[in-house]
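One structure is given here, and the rest of the page talks about it.
Computation of the quantities below employed the complete heavy-atom set of this structure, encompassing side-chain atoms and omitting hydrogens, waters and symmetry-equivalent molecules. Counting convention: from 1, in listed order, for ligands and their atoms alike.
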Amino acid sequence: MTAGALTPVEADAARGILPDWAVATPARRAHMSRVAALMESWARERGLSETEIARWTATGWLHDALRDAPPAELIPLVAESERDLPLEALHGPAAAGQLEGQVDPAVVSAIRHHTLGHPELDPLGRALYLADYLEPGRRSGAEEWAELRDRVVSDPGAVMIEVVSSRISHLLDARLPIHDHTIRLWTSLLSGNRP
Ligand SMILES: [Fe+2]
Ligand SMILES: [Fe+2]
């Protein structure tokens, strides 16, 4: 669990004010705002402190801060070991790198892994992974997704299995590769390492 007072970057982001290096279209900001709202409601339902609720909200706002930057501009921002990630997965590590030292380390980690998942996601990281997939603007009209959103706090392990399964199925159907982090996340969920 994260700890400590909010940093200035977290306090701004919790109110929807992004760092000036963010590159996000109005549609993207609307998605980030819906993810932030879900994160806030789940943090509140978990009974977290007001500081942690604000931190979870800020994580939702910050996660796609570089989603609309051209991938070529993101490559220099990520570590050598992350440069072979799929292009659509570069924005998480790139934003995480920019936020290092500016926000709680748990926020950095959640944002770094929000696209592909990771077997060692903590509760904040799992919540961001789920909120990004289940936010109502992305899945509008699907009762199944609304039902999963409602069960995140009471049964997070089961919801993780549903969402990771859905994401992997999509990759298989589209004949796309499945990243090692995603496969290890799936295996860890099945072996009982649940949130
Ligand atoms: Fe993203
Ligand atoms: Fe997102």
Side-chain angles (χ1 to χ4, degrees), residues 9-10 12-19 21-43 55-79 82-100 102-103 106-140 142 145-146 148-149 152 156 159-160 162-164 166-168 170-171 174 176-182 185:
V9 170
E10 288 173 331
D12 276 351
R15 295 183 293 135
I17 302 169
L18 299 176
W21 45 261
V23 184
T25 62
R28 187 77 57 194
R29 283 174 190 258
H31 159 70
M32 292 149 90
S33 133
R34 291 189 297 267
V35 171
L38 267 186
M39 296 290 283
E40 179 177 9
S41 74
W42 291 342
R55 179 164 283 134
W56 281 45
T57 309
T59 306
W61 271 109
L62 290 168
H63 83 283
D64 272 345
L66 287 175
R67 183 66 180 93
D68 293 317
E73 289 178 18
L74 298 180
I75 290 172
L77 300 180
V78 305
E82 294 168 328
R83 293 195 181 151
D84 61 347
L85 287 173
L87 290 183
E88 69 277 10
L90 283 173
H91 66 283
Q98 297 297 102
L99 290 165
E100 204 114 32
Q102 313 276 313
V103 298
V107 177
V108 174
S109 174
I111 291 174
R112 182 179 306 281
H113 297 300
H114 81 266
T115 306
L116 300 172
H118 192 280
E120 286 163 23
L121 290 180
D122 67 5
L124 176 61
R126 289 179 178 128
L128 179 60
Y129 181 85
L130 294 176
D132 194 27
Y133 197 67
L134 296 173
E135 65 94 344
R138 186 176 287 208
R139 308 278 154 198
S140 60
W145 301 111
L148 285 176
R149 281 196 296 276
V152 163
V159 178
M160 280 296 290
E162 289 303 318
V163 169
V164 177
S166 171
R167 296 186 77 146
I168 290 177
H170 167 77
L171 294 170
L176 288 168
I178 303 170
H179 194 274
D180 175 58
H181 288 176
T182 311
L185 168 61

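The side-chain contact (heavy atoms from CB on, under 4.5 Å) check on A94 picks up L66, L74, L77, V78, with sequence neighbours excluded. In terms of the side-chain contact (heavy atoms from CB on, under 4.5 Å) criterion, residue partners of I17 (sequence neighbours excluded) are, by chain and number, D12, R15. Residues satisfying the side-chain contact (heavy atoms from CB on, under 4.5 Å) criterion with A131, sequence neighbours excluded, are V35, L38, M39, W42.
Taking the side chain as every heavy atom from C-beta outward, M160 and Y129 approach each other to under 4.5 Å. Residues H63 and H31 are in side-chain contact: their nearest non-hydrogen atoms beyond the backbone lie under 4.5 Å apart.
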Could you walk me through whether D68 and H91 satisfy the side chain to side chain donor-acceptor pair (under 3.5 Å) test, starting with their C-alpha distance in whole Å, then the side-chain angles of each, then the deciding distance to 0.1 Å, before giving a yes or no? CA-CA 8 Å; D68 293 317; H91 66 283; over 6 Å; no
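Within H31, NE2 is the N, O or S atom that lies nearest to the Fe ion (ligand 2).
If you look at the Fe ion (ligand 1), the protein N, O or S atoms less than 2.8 Å from it are D64 OD1, H91 NE2, H114 NE2.
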